[in-house]
2 protein chains.
Amino acid sequence: MEEKIKVHLADDHKILIEGIIAVINTEENILVEGYSLTGKEVIEWAQNSTADILILDINMPELDGIEVLKFFKKKGIKIKTIILSSYDDVKLVEEMLALGANGYISKDSASEHIIDAIKAVHSGEQFFSNSIKDELLKIFTGKKVDPKKRPESTISNLLTAREIEVLKLISKEHSSPEIAEILNISQSTVDTYRKNLLKKTNVKNSVGLAMYAVKNKIV
Amino acid sequence: MEEKIKVHLADDHKILIEGIIAVINTEENILVEGYSLTGKEVIEWAQNSTADILILDINMPELDGIEVLKFFKKKGIKIKTIILSSYDDVKLVEEMLALGANGYISKDSASEHIIDAIKAVHSGEQFFSNSIKDELLKIFTGKKVDPKKRPESTISNLLTAREIEVLKLISKEHSSPEIAEILNISQSTVDTYRKNLLKKTNVKNSVGLAMYAVKNKIV
DNA sequence: TTTCTTATCCCCATAAATGGGGAGTTAAAT
DNA sequence: ATTTAACTCCCCATTTATGGGGATAAGAAA
């Protein structure tokens, strides 16, 4: 009687995607209409999408989930989005909500939660993993946080897109010459980014940068 | 007529596990007999296992795939193991082979490759993702490497107490001169520890060391 | 006892990172 | 139209890090 819920997946790991498809296929009224392996693909897809729900991994190379959500917000694209994350990070959840995400599930959670999340978000609710709910409770009961006073100074506006790219590569143990080659820019430029990153993040060296990246879940 | 191939999965992301189960369930003669979510669980399971194949994620918190393989080798446990990795890293592949792994597939590859890998490894062959094969070819054609001269000795044991001390200080953004002063030893010694740490952990630089420390909850 | 591990130190050399300066182009915002 | 932000590139110099080799003393393990 009712239409199937159309879902689009975005994750850089194809195995995970095919796994989720297999899981979702056990559900009668949910249909995976396609998937994207990179942030860029998601953005292209989004231009002419008729899907109901997007399940979006935040950890993708180059253009990650955060950037995708920002793009949506900027362009006024309204797609109900469920974040799929490797980590339970309240900061990230807050940022995602501010960027218009409708749900947040951890990759640690059981796969049936994906089904639950899709159904909930499709019917207009929000959905969170139990693990992340626990984390949230701690914050919102312990200290009361004004939801309007959301983190204005997220990494994304502290660091530029390019700086984040460089930071990610640094965190993946790449040297400046390597990063220069990967990004197709000169080593001088990479070194400039390193300097700016050190200043902006207020850490001492590359190790500090990597730790910063870990702490802020940008790797 | 023939017995089903019994497979055990090990990955800290339950969603990925359930996804792989769903994929494998489409295969008639392969059966997932269980799964482990941590390295410790794998080791416990391995004591009384009757499975034919273990599919092992290398990136697990605390006790990762490398340590699991080392444990197997030490205890003489013989389980055909397929490594499931997020990265295409030749160094890692070499290390895994030296530790007795029988296959190496990337999470980026399509899920049917898991099926192929299971079948290949079960029949005594080795299996590698195409992406990693390309990488390997580059190495083994460019420079000829004696397969017997595999990094057996380079990646030996766990870290010593002193090495861990140094690793902690590195992860706290200290430089070698600083560490030398803190520990009251010469900088030469600190540098020796750095070298040993790089070898033992098989990472490229200090950033890699810091990440290793994070992954293994040393910091 | 002999071997192995750990902790300590040194030499050499090269590669990489850090820290300061300046500067051009483009695109967006005011 | 002018300013600003982001991205790009270069000079200089110094400090750190990496990679190879070797070495010694104390203590544990075989």
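Atoms considered below: every heavy atom in the structure, side chains included; atoms not considered: hydrogens, waters and symmetry mates. Just so we're clear, the structure is a prediction, and the values are computed from it rather than from any experiment. By convention in this document, chain letters (A, B, ...) are assigned in the order of the sequence lines, proteins followed by strands, and residues within each chain are numbered from 1.
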Exercise. Using a 4.0 Å heavy-atom cut-off across all strands, classify B/Ser175 as base, sugar-phosphate, or nothing.
Key: sugar-phosphate
Quiz item: Would you call B/Lys168 and B/Glu163 a salt bridge, using N to O less than 4.0 angstrom?
Solution: no
Quiz item: Nearest to the side chain of B/Asp191 - C/dC9, D/dT18, D/dC10?
Solution: D/dT18
Quiz item: Which residue, A/Leu209 or B/Thr189, contacts DNA chain C at a nucleotide closer to its 5' end, judged by nearest heavy atom?
Solution: B/Thr189
Quiz prompt | Atom-to-atom span, NZ of B/Lys204 to P of C/dA17 - whole angstrom | solution = 9 Å
Quiz item: Of the candidate nucleotides C/dA7, C/dT18, D/dT18, which contains the atom at the shortest distance from the side chain of A/Asn205?
Solution: C/dT18
Exercise. Classify the nucleic acid contact of A/Ser176 as base, sugar-phosphate or nothing, counting any heavy atom under 4.0 Å across all strands shown.
Key: sugar-phosphate
Self-check item: DNA chain D: 5'-proximal contact among B/Leu198 and B/Thr192 (nearest heavy atom)
Solution: B/Leu198
Quiz item: Shortest non-hydrogen contact from A/Val166 to A/Ile179?
Solution: O-CD1, 4.2 Å
Quiz item: Nearest of D/dT16, D/dC7, D/dC11 to any side-chain atom of A/Thr160?
Solution: D/dC7
Self-check item: B/Glu41 side, atom CD; B/Thr38 side, atom OG1 - distance, nearest 0.5 Å
Solution: 4.0 Å
Exercise. On DNA chain C, check which nucleotide each of B/Asn184 and A/Val207 is closest to and give me the residue with the more 5' one.
Key: B/Asn184
Practice problem: Using whole Å, report how far CG of A/Leu183 lies from P of D/dA6. | Solution: 17 Å
Quiz item: How is A/Ser188 classified with respect to the nucleic acid when contacts are heavy atoms under 4.0 Å: base, sugar-phosphate, or nothing?
Solution: base
Self-check item: B/Lys195 side chain, from C-beta outward: closest of C/dT18, D/dG21, C/dC9
Solution: D/dG21
Self-check item: Whole-Å gap separating P (C/dA7) and CD (B/Glu165)
Solution: 9 Å
Quiz item: Whole Å only: how far is the CG atom of A/Leu197 from the P atom of C/dA17?
Solution: 13 Å
Quiz prompt | Interatomic distance where NE2 belongs to B/His174 and P belongs to D/dT16 [whole Å] | solution = 14 Å
Quiz prompt | B/Lys199 NZ to D/dG19 P, straight-line distance once rounded to whole Å | solution = 10 Å
Quiz prompt | Exercise: do B/Ser36 and B/His8 side chains pair donor with acceptor under 3.5 Å | solution = yes
Quiz item: Looking only at side-chain N and O atoms, does B/Arg194 come under 4.0 Å of OP1 or OP2 in D/dA17?
Solution: yes
Exercise. Could you tell me the separation between the CD atom of B/Glu178 and the C1' atom of D/dT15, rounded to a whole number of Å?
Key: 12 Å
Self-check item: Check: B/Thr81/B/Asn102 side-chain N/O donor and acceptor closer than 3.5 Å
Solution: no
Exercise. To the nearest Å, give me how far apart CD1 (B/Ile170) and C1' (D/dT16) are.
Key: 12 Å
Quiz item: Does B/Tyr193 have a side-chain nitrogen or oxygen under 4.0 Å from the phosphate oxygens OP1 or OP2 of C/dC9?
Solution: no
Exercise. From the options D/dC7, C/dA7, C/dA17, select the nucleotide whose nearest atom is closest to the side chain of B/Arg162.
Key: C/dA7
Quiz item: Side-chain donor-acceptor pair under 3.5 Å between A/Ser186 and A/Thr189, yes or no?
Solution: yes
